[in-house]
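Each ligand, and each atom within it, is numbered from 1 in the order the structure gives. No hydrogens, no waters, no symmetry mates; every other heavy atom, side chains included, goes into these values.
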Amino acid sequence: MRTTMTFLLSWCSSLVAAILVLRICPVRAQLADQQAMAVLHDALSVPDWGPRDSDYCSWRGVTCGGPNGTVEVLLLPHRGLSGNISPISELRSLKKLDLCANSFHGLLPPFFGKLTELEYLDMSMNKLSGPIPLSLGALRSLRSLNLSNNLLSGEIPGEFGNLGGLQELHISGNNLSGFIPRWVGDLPYLRVFSAYENNLEGRIPENLGSVSQLLQVLNLHSNRLTGPIPESIFAGGRLEVLVLTLNELEGSLPPSIGNCSGLSNLRIGNNRLAGAIPATIGDIQSLTYFEADNNNFSGEIIPEFSRCSNLTLLNLASNRFTGDVPAELGALKNLQEFIASGNSLTGGVPRPLLQCRSLSKLDLNGNRLSGSLPDDLCNTSRLQFLLLGDNSITGEIPREIGDCVKLLELQLGGNHLTGNVPPEIGSLRNLQIALNLSFNQLEGPLPKEMGRLDKLVSLDISDNRLTGRIPPELIGMLSLIDVDFSNNQFTGQIPIFAPFQKSPLSSFSGNEGLCGDPSNLSCDISAGSGAAAAHRKVSSKMALAVIGSGLTAFTMVTLVVLLFMLRERQEMAAAIAAGDVKKVPPAAAAAAATGVFVEHLKQAVDLDCVVRATMKDENKLGGGAFSTVYRAVMPSGLTLAVKRLKSVDGTVARHRNRMIRELERFSSLAQPNLLRPIGFVIHEDVALLLHHHTPEGTLAQLLYGRAGGEFLPDWPRRLRIAAGAAEGLAYLHQASIVHLDISSCNIFLDADHNALLGEIEISKLLDPSKGTASISAVAGSFGYIPPEYAYTMQVTAAGNVYSYGVVLLEMLTSRAPVEESLGEGMDLVKWVRSAAERGEMPEQIMDPRLSAVSFAWRRQMLAVLRVAMLCTDPTPATRPRMKAVVQMVLQAQKDSTP
Ligand SMILES: *[C@@H]1O[C@H](CO)[C@@H](O)[C@H](O)[C@H]1NC(C)=O
Ligand SMILES: *[C@@H]1O[C@H](CO)[C@@H](O)[C@H](O)[C@H]1NC(C)=O
Ligand SMILES: *[C@@H]1O[C@H](CO)[C@@H](O)[C@H](O)[C@H]1NC(C)=O
Ligand SMILES: *[C@@H]1O[C@H](CO)[C@@H](O)[C@H](O)[C@H]1NC(C)=O
Ligand SMILES: *[C@@H]1O[C@H](CO)[C@@H](O)[C@H](O)[C@H]1NC(C)=O
Ligand SMILES: *[C@@H]1O[C@H](CO)[C@@H](O)[C@H](O)[C@H]1NC(C)=O
Ligand SMILES: *[C@@H]1O[C@H](CO)[C@@H](O)[C@H](O)[C@H]1NC(C)=O
Ligand SMILES: *[C@@H]1O[C@H](CO)[C@@H](O)[C@H](O)[C@H]1NC(C)=O
Ligand SMILES: *[C@@H]1O[C@H](CO)[C@@H](O)[C@H](O)[C@H]1NC(C)=O
């Protein structure tokens, strides 16, 4: 052996041999890679890789490089893969390895340390456990390391060797403990360090950022870090995102933060930070989100905030701020939310702030504001939340309150308001979340106009001096869940109205003169004395109590309250529909899970707004068998389609985590004809899926939508849609995803009239094979259901082909799959397939307004008709596969030469 080696070496030193080496060594490297890839092929069984012995360089996700054809890039993200990945260690030329979002488990393989050429390693979103192996420290070419969202534990290795080139380090969402080691701060090129949601403790290294000077993103939220925010992180002046929420940090916010003029996102809430906010904040021109709630900051709110013209959110709640709200803040044109509840602010209701034309939320609950409510409260603003509870506001509620037509929530409880409740309150037709006038000195009767607040969920007018009868008109408040009329001087009968009778006694107590259910005084004319069920009072406060911080979405708290109401309302509706007034909704409230998959949309999506949109019927765009779709316009101007899943038997609540994983996978499917999810909100049994809005509507609308409108001879467009939908479906089938509801209503059109197949995620979210939904719920839409479903009870790829065939027939005939004009007991498929028996020619089936336009169109239509006939064959096994269907449709498209 040794002799051969020596021999080889000496041999190689000659010139002639050098040429041979150039030929031989490559072949050897290639052999090693070939072998490794063959083993990997067996180990992972990647669905769309070619045969084991085919050229691995052509397999999907594999890129070979160099003259010797070695594997340099291996990208297999979001493929549901598991198995042994150790063969990868033989791919010595590997530069980029992405296996994120699969199901690899067990220890993180130490052999990765052998891949010394590796520049990019992404193993995030798997189930890897155990410690981070020290051997990774040998990856001297590594620039980006992503191990986030696994189950890694133990400490971050104290010394990590040769990682000097590292630019991005992501280890968030694990269970790592111990300190952040100093070497992280010594990395000269570090730009992104993300270690949030771990168990890290100790101080943030004092050198972090000082060596690199390139630090742009530092995200360490939800750990147990202590000590101060080190000034070093501001030294480079490049910081763009700083998130330190939910730690135990102390000390003050260093003034040098003002050097980071590109900082847009600053979140340091839920720590123990103290001192004044430095005036240098005003130098941060890009500041968009400033969140410092639940700390121990003090001093006045600095007027310098007004220089941050892009400021959208300013959250200073639960600190020890004093003084007046500076008038300068009125200049903040982009300010949407000003939250400063739970401080000791004084002065009047800040009128200048009300002039911020984007302001939608003003939260000054729990301060020491005095003076009266300005009567130009809502001249200019788009205020949706006006929260001024628990202050010392005096005077009357101005009649101009009626101008606040956008309000969703009005909190004025716990002040010193006097006079009557003005009838104009009935103009606040959008009030949904709460109207709270409790603990004031309001008097006189309640205006009957209040009954017009038909969306309001919570009404609290307790502890005032209101008199007279409870106006019977209040039965117009159809959405009420939570009412409190207690401790006033109301008299007479409590109106017969389910939300009232379902309320606890205490909602009406302390009113000597009230009678009827649910008070314990019966009226003379006893009406409907049926025992009102003890309605467990589910207050939104419970939801609030469970939520620790609003980090994921900056308005998480309102989000959860909204979701809570949404669920309540659904259950109320269901209970009322079922005549079951006693039904008590489950009281548990947990945090919502939310996510936005598309990085550049993260800030444009306002989840509050998403939830609110689903509460209004006028936003309804339509619905399929499994969901209702709403239109939601974000404050950023972005329009989304929000799909509310119809949960069957608590599916959403029970399979939440799996659903989130599936959604992530679907979000990354790379095929242009699929309408992929871009985000989600899941709370208890409510699941909202976010998609891009498709203003061009659906194929069904294109085919049948323009009632009375002009008919457009648009065969080429239809054919292009047919091809796109086929390609999308074929892609799904290749990824082993069966669609549950192929129909022309689920084929959406983008601005260029390309087909986008919708409802693609439903099968995995409500997968019948996993027992999460019953077959009766997933059979698809009427007219598209293949005949075999009647006895197989199984949704299959072949069944999809049938439904697709029906869609083709719709395009050819301009007829709906079930239509009375087809005749008794006929659906479109039967009608077309029995044409020959009736002695009809194809021309008599196809829409003559299209087929008569040109010979080319007619020929194409005949070709597509043949495809449709194959697809709708009664025998599933005889139908072509989608891949073949794509070919046939594309072929038909090409057949346009005369
Ligand atoms: C690939 O070939 C180049 C020269 O063509 C050589 O320098 C390199 O070492 C080879 N790579 C491997 C991994 O053998
Ligand atoms: C992992 O981090 C890299 C940057 O290092 C990033 O490009 C990639 O998107 C991350 N992966 C996931 C799944 O977030
Ligand atoms: C995380 O690690 C700690 C020890 O550091 C352990 O007690 C805990 O059970 C782990 N949590 C999970 C979810 O693995
Ligand atoms: C950073 O900010 C501090 C305090 O605001 C200031 O003294 C210092 O000169 C600034 N450094 C740079 C490089 O601008
Ligand atoms: C403010 O926001 C706009 C829009 O996002 C952006 O174009 C602009 O650069 C920002 N201004 C500053 C000073 O960052
Ligand atoms: C906040 O600061 C005050 C003194 O400035 C101190 O008495 C108090 O304990 C601090 N609170 C917390 C929670 O650290
Ligand atoms: C509201 O409108 C009135 C009259 O139109 C005007 O006098 C007042 O200044 C306005 N208030 C605000 C805050 O714009
Ligand atoms: C109404 O406001 C008062 C005072 O802020 C508060 O105590 C009460 O809990 C609020 N009512 C509801 C239903 O939230
Ligand atoms: C209901 O009855 C109890 C005594 O049984 C009494 O203390 C209470 O004041 C009554 N409540 C009302 C609303 O009349």
The protein heavy atom nearest to atom 13 (C) of ligand 5 is Gln285 O, 3.5 Å
The single option from Leu387, Asp363, Asn315 that satisfies side-chain contact (heavy atoms from CB on, under 4.5 Å) with Ser341 is Asp363
Exercise for the section: Establish, from distance only, whether the side-chain atoms of Ser148 and His170 form a donor-acceptor pair under 3.5 Å. Expected result: no
- Message: Quick check on Arg79: does its CZ atom have over 12 non-hydrogen neighbours (other residues, nucleotides or ligands) under 6.0 Å away?
- Response: yes
Ligand 2 atoms nearer than 4.0 angstrom to some heavy atom of Ser124 are 11 (N), 12 (C), 13 (C)
Task: Ring-face cation of Arg267 near Tyr289 (centre distance under 6.0 Å, axis angle within 45°) - done: yes
Per-atom filter on ligand 2: closer than 4.0 angstrom to a heavy atom of Asn146 are 1 (C), 2 (O), 3 (C), 8 (C), 10 (C), 11 (N), 12 (C), 14 (O)
query: Under 4.0 Å between a Lys/Arg side-chain N and an Asp/Glu carboxylate O for Arg191 and Glu168?
result: yes
Short N or O distance, Ser458 and ligand 8, threshold 3.5 Å exclusive = no
Per-atom filter on ligand 8: closer than 4.0 angstrom to a heavy atom of Asp390 are 4 (C), 5 (O)
Residue, atom and distance of the protein heavy atom nearest atom 5 (O) of ligand 2 read Ser144 OG, 2.3 Å
If we number the atoms of ligand 8 from 1 as shown, the ones under 4.0 Å from a heavy atom of Ser438 are 1 (C), 2 (O), 3 (C)
Ligand 2 atoms nearer than 4.0 angstrom to some heavy atom of Met125 are 13 (C)
Counting from 1 in the order shown, the ligand 2 atoms closer than 4.0 Å to a non-hydrogen atom of His170 are 2 (O), 4 (C), 5 (O)
Atom 4 (C) of ligand 5 has as its nearest protein heavy atom Asn310 ND2, 4.6 Å
For Tyr120, the ligand 2 atoms with a heavy-atom partner under 4.0 Å come out as 3 (C), 6 (C), 7 (O), 8 (C)
Q) So, for atom 7 (O) of ligand 2, does the protein have a heavy atom nearer than 4.0 Å? A) yes
Looking at Phe508 versus Phe490, is the centre-to-centre ring distance below 6.0 Å? no
Heteroatom proximity flag, Asp482 to ligand 8, N/O under 3.5 Å:
no
* Mark whether atom 11 (N) of ligand 5 lies under 4.0 angstrom from at least one protein heavy atom. => yes
Sidechain N-carboxylate O distance under 4.0 Å for Lys95, Glu119:
no
Quick one: does any side-chain atom of Asn440 pair with a main-chain N or O of Asn415 as donor and acceptor, under 3.5 Å? yes
Glu409-Gln411 side chain donor-acceptor pair, cut-off 3.5 Å: yes
Near Glu168 (heavy-atom distance under 4.0 Å), the atoms of ligand 2 are 4 (C), 5 (O)
Worksheet item: When you check the gap from the basic side-chain N to the acidic O, do Arg307 and Glu304 get nearer than 4.0 Å?
Response: no
